[in-house]
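As a basis for the values below, the full set of heavy atoms in this structure was taken, side chains included, without hydrogen atoms, waters or symmetry mates.
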Amino acid sequence: LYGMFTGSGTATVRAVVMFAVRMGAVAVGRTYDSLSALSLAAILMLAENPSYLEQSGFWLSFGAVTAISGVYPVLAGEKAERKRRREKTGLEKLAAKGKEAAMVYLSLQLVMIPLQAWYFYEIPLFAFLPNLFAGAVMTAVLLTGAAGLLAGLASVKAGSVVLLPARFLLTLLRQMTAAVAQIPGNVWICGQPEKWQMAGYGIILTGLLVILYVRKRKREMKPDGAKRKGAQARRRERMLFGITMFFACVLLFYRPRETFSITALDVGQGDSLVVESGRFVMLNDGGSSSASAIGEKRILPYLKQRGIAALDAVVVTHPDADHTNGILELLKRYHIETQGKKCVVLGRSNIVGKPMAALMMQKSYPGDATVTVCHSRSKDLVKECQEADIIIAALGQPNFVKADMVKEGAVIIDVGTTRVPDASKKSGFKLTGDVKFDEVAPKCSYITPVPGGVGPMTIVSLMKNTLLA
């Protein structure tokens, strides 16, 4: 009945079958074995629907139970509960319980990491923090939840009061999960392993577990006098197990780069090419006029599947929506935005300075920046630039912005264009921007050149507006 009410998902059906086997074992006075019950659940589910083998939920659910019921008992050695009973002080019991929890987590990760890499192409590195908290408070949540349910039968208000501790703990868990997700480097984009890598990892892990299990059974059959040698053997086994699994992980996560490849992504009515040359990766266009959210649903999954965490270049061949809207989604996805940034606009002209200041302050994207407009009468102009995340230069003074005025990682948009005498040029002059490009560029995360930066985009925007009009 519970399985039907919850939609009969993969994990629910597996749990219902295992629970039924456990109740059956109790009823007939037989010993319950979780791995046998798990195997029976898999046989029954696959007999009904073999396509379960293609579903991530099936593998994740059965993998987690296999780790707890099969891998953990082998790695833990002697029963942790039995060991805790022998501890004398509360601190020793707590340390033993913490060691047990760490061993359970290790067992889970040994099985779940390859599945996460295969289906999601990324590994959450700090997910253990909310998981440990959830494990510590789940008993309290269940007890207060059950008490709140019973109290609610008599009075809804009483039930709500009793449920307050559970609500508080669950809210705290949700906030902790959100906070962990914001930690820089929380997610490692590892890419999808090849089938032979998955098979190799599985064979190594299974072989090690079989060896540990056989040696464990042999030690249990030895007399008590061999316990000291058994402890030394367990230490050596764990060390060899760790070293071997390290090389198994190297095998699993090895990602050779293409010498040169061009991949055309299916984005509907639009274009998107991923160019790989060794470690250099470039995205050429990324948009569609017939499909929505192609950045999140098509471009990003492919990049993650290839293990590409960053792009070295993004090229837009023209500014139509079917070439650019996916790139805008990528910018939003990776939070490259102007909100809350300090923006310094150099120049107060009616055609550049003032309009740019207004655009950067508007309540939309791009915008929501803290804007400072500097001009020829501004004091501490160098200091203002040094504190800026974004500098928009439109002064008309060649090479005015130098390296000592720019902080590391700043974004520079050079609007200024001035003719500077140059005898080496046929025309007798060269176009120079307000920023000393060669000196400033190494410190910037993004910078526009002169010529070839804002100028061509101005022409394109003019043509686009003319067409729309």
Side-chain angles (χ1 to χ4, degrees), residues 34-35 60 62-89 91-118 122-129 131-132 135-136 185-186 188 190-191 193-194 196-256 307:
S34 57
L35 287 178
L60 292 173
F62 279 81
V65 179
T66 300
I68 295 174
S69 302
V71 178
Y72 168 69
V74 176
L75 296 182
E78 187 182 1
K79 289 288 186 181
E81 186 65 31
R82 195 186 309 158
K83 290 182 69 176
R84 282 207 309 273
R85 291 197 192 104
R86 296 203 302 262
E87 306 296 343
K88 296 180 179 180
T89 66
L91 186 60
E92 290 176 340
K93 291 180 180 180
L94 182 62
K97 193 170 181 63
K99 184 178 179 181
E100 179 185 359
M103 194 63 70
V104 171
Y105 181 78
L106 174 63
S107 303
L108 281 169
Q109 294 308 306
L110 287 174
V111 177
M112 302 301 286
I113 279 179
L115 296 176
Q116 289 176 318
W118 178 263
E122 59 187 15
I123 306 294
L125 301 179
F126 302 116
F128 68 93
L129 295 174
N131 286 338
L132 290 176
N186 171 56
W188 171 41
C190 59
E194 299 288 343
W196 65 267
Q197 292 176 302
M198 294 287 289
Y201 180 91
I203 291 172
I204 293 173
L205 177 59
T206 304
L208 288 174
L209 291 174
V210 170
I211 293 172
L212 290 178
Y213 177 77
V214 171
R215 294 179 67 85
K216 173 187 172 185
R217 293 301 300 269
K218 286 183 178 180
R219 282 195 301 270
E220 290 175 350
M221 296 170 60
K222 289 182 179 180
D224 293 340
K227 284 186 176 180
R228 177 172 298 180
K229 292 184 179 179
Q232 295 175 350
R234 282 196 296 272
R235 283 194 291 270
R236 288 196 299 269
E237 289 169 2
R238 289 172 181 172
M239 182 177 67
L240 292 174
F241 180 85
I243 294 173
T244 307
M245 286 310 302
F246 170 78
F247 286 106
C249 289
V250 172
L251 170 70
L252 181 68
F253 294 117
Y254 173 67
R255 300 289 181 271

Which heavy atom of Met103 sits nearest a heavy atom of Leu75, and at what distance?
-> SD-CB, 3.9 Å

With sequence neighbours excluded, residues passing side chain to side chain contact (heavy atoms under 4.5 Å, CB included) with Leu251 | Trp196, Ile204

Could I get the full list of side chain to side chain contact (heavy atoms under 4.5 Å, CB included) partners for Ser34, not counting sequence neighbours?
-> Met18, Tyr32, Ser69

Considering residues, nucleotides and ligands other than Tyr213, do more than 12 of their heavy atoms fall under 6.0 Å from its OH?
-> no

Close side-chain approach of Pro124 to Gln116, heavy-atom, < 4.5 Å | yes

Contact summary for Leu110 and Tyr201, nearest pair of heavy atoms = O-OH, 2.8 Å

Any Arg255 side-chain heavy atom under 4.5 Å of Pro193 side chain = yes

Over all heavy atoms of both residues, which pair between Leu208 and Met245 is shortest? Give the atoms and the distance, please.
-> CD1-SD, 3.6 Å

Can you list every salt bridge (charged side-chain N to carboxylate O under 4.0 Å, His left out) pair that touches residues 202-214, not counting sequence neighbours?
-> none

Are the side chains of Leu108 and Phe128 in touch, meaning some heavy atoms are under 4.5 Å apart?
-> no

Rounded distance (nearest 0.5 Å) linking atom CD1 of Ile113 with atom SG of Cys249 | 6.0 Å

Exercise: identify the closest heavy-atom pair between Leu212 and Phe241 = CD1-CD1, 3.7 Å

Output yes when a side-chain donor or acceptor of Gln197 lies under 3.5 Å from a complementary backbone atom of Tyr254, and no otherwise.
-> yes

State, yes or no, whether a side-chain contact exists between Tyr72 and Leu106 at a heavy-atom distance under 4.5 Å.
-> no

Sequence-distant partners of Tyr105, side chain to side chain donor-acceptor pair (under 3.5 Å), two or more places apart | none

Set of residues satisfying side chain to side chain contact (heavy atoms under 4.5 Å, CB included) with respect to Leu125, sequence neighbours excluded | Ile123, Trp188

Pairwise salt bridge (charged side-chain N to carboxylate O under 4.0 Å, His left out) hits with a residue in residues 198-215, at least two apart | Arg215-Glu237

